[in-house]
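This report concerns only the one structure given below.
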Amino acid sequence: MSEALARAYRGNPALNAQRAGTRAVDEGVAKAVSGYRPKVNGAGYVGFDDEKVTGRRLNLVSPRTGQYAPRDGEVMVTEKLFDGNRTTNTVRRSESLDFASRETLRSTEQQTLLAGATAYMDVLRDLALVALARNEVMVLEYELRGSRARYRANEVTFTDVAEVATNLAQARTRFANAEAALQASMASFRRIIGTPPTRLEAAGPVDGLVPATQGAAIAVGLLAHPRIAAALHDVDAAETAVHVEEGKLLPTVDFVGRAEGSLQRNGASNSRAELEARLRAEVPVYDGGATYAEIRKAKEQVAVVRLRAEAMRDQVRADVMSSWGQREAAKALIFAAKTSVTASEVALTDVRAEASMGQRTTYDILLAIQALFKARTMLITAQHDRVVASYGLAAATGRLGATSLGLSVTPSDPTIHYMQVRDKWAGMRTPDGR
C-alpha cells in the first residue's frame, strides 16, 4: 500500500496539474509586487522628409528645396508614489489567493491518497471475490457430478439435478461479473497509481491518524482541514478586494521622468535634447458611479465567500461524522461476518452429513452452499470497507498526507517556487528552466 501511494503522490496527473496550477498562482503575487517598481518605456522614430518651399518676391519665383532624415527618441520613467494603497492591497489579495491555492493543493493530495488507497483495496477485494466465485463454481460442479451419479443410482430425482445445474449457471454468471469488476478495478488502479497492480499485499487501517473519539475528530477536522483553510483565505482575499476598489476613489501621485532627443540631417546635423521631471497628481471626481458599483459588488462577494466558508465547515463536520459511522459499521460487520462464516461452514458440513443419511435434500445442500458463500462475500467486503473507511476518516479530519503515512517520498513544498519568483524583476524562464 505505501509503495502504491508513494507512486500516486509522485506521478498522479491530476495532482501534478494542481501543483502546476499553484505555481501559476505564485506568479500572480509576482505580478502584484511589480506595482511597487518603476515602469520604463522607450520610443524611437526614424523617417525621411522631402520639403519644397516656393517663395514670391518682386514677382520673382525663388524655389527652395530640402531633404531631412529626422531621428527622434525618448525614454520615460514612471514611479507610483501613492495610488490609494491599491498596490499594497493587491499584493495582500494575491498572497491570500496563493495561500488558498496551497491549501487546495493539500486537499488534492489528500483526495489523491484516499483514491489510491481505495483503488488498492478495490483490487484486493475483487481478487478475493474472483477466487471465491471460482471456488463456488468448482463446488457446484462437484455437486452436479455427484447429483448425476446419484440420479443414475435412483437416489435423487431429475429435479435435484436440474436445481444443481441452475445454481451452477448462476455461479458462473457471478464469476464472470466478478472478473469484469476486477478488470474495472485494475484499470482504476492504473489510472490513479500510474502502474498496473502486481503482487499486492494485505493492508491495514490507519486508525492511528485519527483521535479516539468522534468529538475530538470533528474538532481536529474543523481546525486542520485544508478545505476550511482555503475558504478562510478566500474570505481574506475578498475583504482585501474591497479595499482595492475603494482605493480607486483616492488620488494618485506619480513621479514622471522623461528624456527626449532628436537628430536631423540636412546637409549638416542638427540635434536637440530635452530632460523633464515632474510630479503628476490625479484626483478622481466622478465616473458615472462605476467605481461605487464595483465596491458594492466586492462587499457582496465577501458575504458570498463567508457563507461558503460556513458551508465548508458544515461539510467537513458531516464528512467526519459520516466516515466515523462507516468505520464503526465496518467493524461491526466484520465481527458479524466472521461469526456467519463459521456458522455457515458448520451448517454445510452437517447438512451434507444429514443428506447422506436421507434426512436432507439436494435443495438443502444448495441453500447451505449459498449461505456460506454469501457470508464469505460479506466478510471480504467488510474487511475492504474497514480499511477504506479508516483512510476516509483520516482525510475527513485533514490528517491524511505523505508525511503522516510515512511514505518514502520528498514532500511537496510549494513555498520553494513562491520564494523563487515573488521578487523576480525580469526573466521569462521558469525556475525549472522552461
Side-chain angles (χ1 to χ4, degrees), residues 1-19 104-134 174-210 225-227 319-320 322-327 329-331 333-334 337 376-409 411-412:
M1 173 72 85
S2 60
E3 182 180 350
L5 295 184
R7 289 179 180 175
Y9 186 84
R10 288 190 296 263
N12 183 267
L15 180 54
N16 285 332
Q18 184 62 47
R19 288 170 178 153
T104 301
L105 172 60
R106 193 159 66 93
S107 179
T108 303
E109 290 177 349
Q110 291 195 143
Q111 294 305 312
T112 300
L113 294 175
L114 175 59
T118 302
Y120 187 97
M121 294 305 301
D122 286 350
V123 173
L124 281 181
R125 176 200 60 196
D126 292 340
L127 283 171
L129 291 178
V130 166
L132 183 62
R134 183 184 294 111
R174 288 191 290 272
F175 176 62
N177 291 336
E179 285 191 318
L182 175 60
Q183 292 300 318
S185 296
M186 293 175 70
S188 180
F189 183 99
R190 181 161 190 165
R191 175 179 61 85
I192 297 170
I193 305 301
T195 58
T198 55
R199 300 189 303 274
L200 302 187
E201 300 178 356
V206 287
D207 293 335
L209 302 180
V210 182
H225 202 284
R227 286 188 295 174
D319 290 345
V320 173
S322 176
S323 299
W324 188 279
Q326 290 173 2
R327 188 188 67 168
K331 288 181 181 180
L333 189 57
I334 288 176
R376 288 176 176 172
T377 299
M378 182 174 65
L379 178 59
I380 292 171
T381 303
Q383 290 171 335
H384 161 275
D385 294 345
R386 171 73 176 86
V387 177
V388 171
S390 71
Y391 277 87
L393 183 56
T397 57
R399 288 188 169 183
L400 188 64
T403 302
S404 60
L405 291 174
L407 304 182
S408 57
V409 297
S412 174

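Computed from a predicted model, the values in this text were never measured in an experiment.
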For residues 122-131, which side-chain donor-acceptor pairs fall under 3.5 Å, sequence neighbours excluded?
from: Asp122; atom 1: OD1; to: His384; atom 2: NE2; distance (Å): 2.5
from: Asp126; atom 1: OD2; to: Ser185; atom 2: OG; distance (Å): 2.3

Heavy-atom closest contact (Ala395 atom, Leu114 atom, distance):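 In terms of heavy atoms, the two residues are closest at CB-CD2, 4.2 Å.
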
Pairwise side-chain contact, Val210 with Trp324, heavy-atom cut-off 4.5 Å (strictly under):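 Yes. Closest side-chain heavy atoms under 4.5 Å.
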
Flag side-chain contact, heavy atom, 4.5 Å: Met1 against Tyr391: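 Contact flag for Met1/Tyr391 side chains = yes.
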
Exercise answer: donor-acceptor pairs, residues 193-208 side-chain atoms, under 3.5 Å, sequence neighbours excluded:
from: Thr195; atom 1: OG1; to: Arg7; atom 2: NH1; distance (Å): 2.8
from: Asp207; atom 1: OD1; to: Arg327; atom 2: NH1; distance (Å): 3.2
from: Asp207; atom 1: OD1; to: Arg386; atom 2: NH1; distance (Å): 3.4
from: Asp207; atom 1: OD2; to: Arg386; atom 2: NH1; distance (Å): 3.4
from: Asp207; atom 1: OD2; to: Arg386; atom 2: NH2; distance (Å): 2.4

Using 0.5 Å steps for rounding, measure from the [atom1] atom of [X] to the [atom2] atom of [Y].
X	Y	atom1	atom2	result
Ser2	Tyr120	OG	OH	8.0 Å
Arg134	Phe175	CZ	CZ	4.5 Å
Ser412	Glu109	OG	CD	5.5 Å
Gln18	Ser107	CD	OG	8.5 Å
Gln383	Met378	CD	CE	11.0 Å
Gln111	Thr118	CD	OG1	9.5 Å

Worked verdict on Arg227 versus Gln110 for side chain to side chain contact (heavy atoms under 4.5 Å, CB included): CA-CA 11 Å; Arg227 286 188 295 174; Gln110 291 195 143; over 6 Å; no

Qualifying residues under side-chain contact (heavy atoms from CB on, under 4.5 Å), relative to Thr112, sequence neighbours excluded: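 Counting only residues at least two positions away or on another chain, Thr112 forms a side-chain contact (heavy atoms from CB on, under 4.5 Å) with Ala8, Asn12, Leu15, Thr108.
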
side-chain contact (heavy atoms from CB on, under 4.5 Å) involving Ala382 - partner list, sequence neighbours excluded: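 Per chain and number, Ala382 pairs via side-chain contact (heavy atoms from CB on, under 4.5 Å) with Leu333, Ile334.
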
Salt bridge (charged side-chain N to carboxylate O under 4.0 Å, His left out) partners for Asp385, two or more places apart: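 With sequence neighbours excluded, Asp385 shows a salt bridge (charged side-chain N to carboxylate O under 4.0 Å, His left out) to no residue whatsoever.
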
Report, one line per pair, each donor and acceptor closer than 3.5 Å where one atom sits in a side chain of residues 399-407; sequence neighbours left out.
from: Arg399; atom 1: NH1; to: Leu209; atom 2: O; distance (Å): 3.3
from: Ser404; atom 1: OG; to: Arg399; atom 2: O; distance (Å): 2.8
from: Ser404; atom 1: OG; to: Gly401; atom 2: N; distance (Å): 2.9
from: Ser404; atom 1: OG; to: Gly401; atom 2: O; distance (Å): 3.0

From CA spacing to verdict: side chain to side chain donor-acceptor pair (under 3.5 Å), Asn16, Arg19: CA-CA 5 Å; Asn16 285 332; Arg19 288 170 178 153; 2.8 Å; yes

Val387 backbone acceptor or donor facing Ser390 side chain under 3.5 Å: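 It does hold such a pair.
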
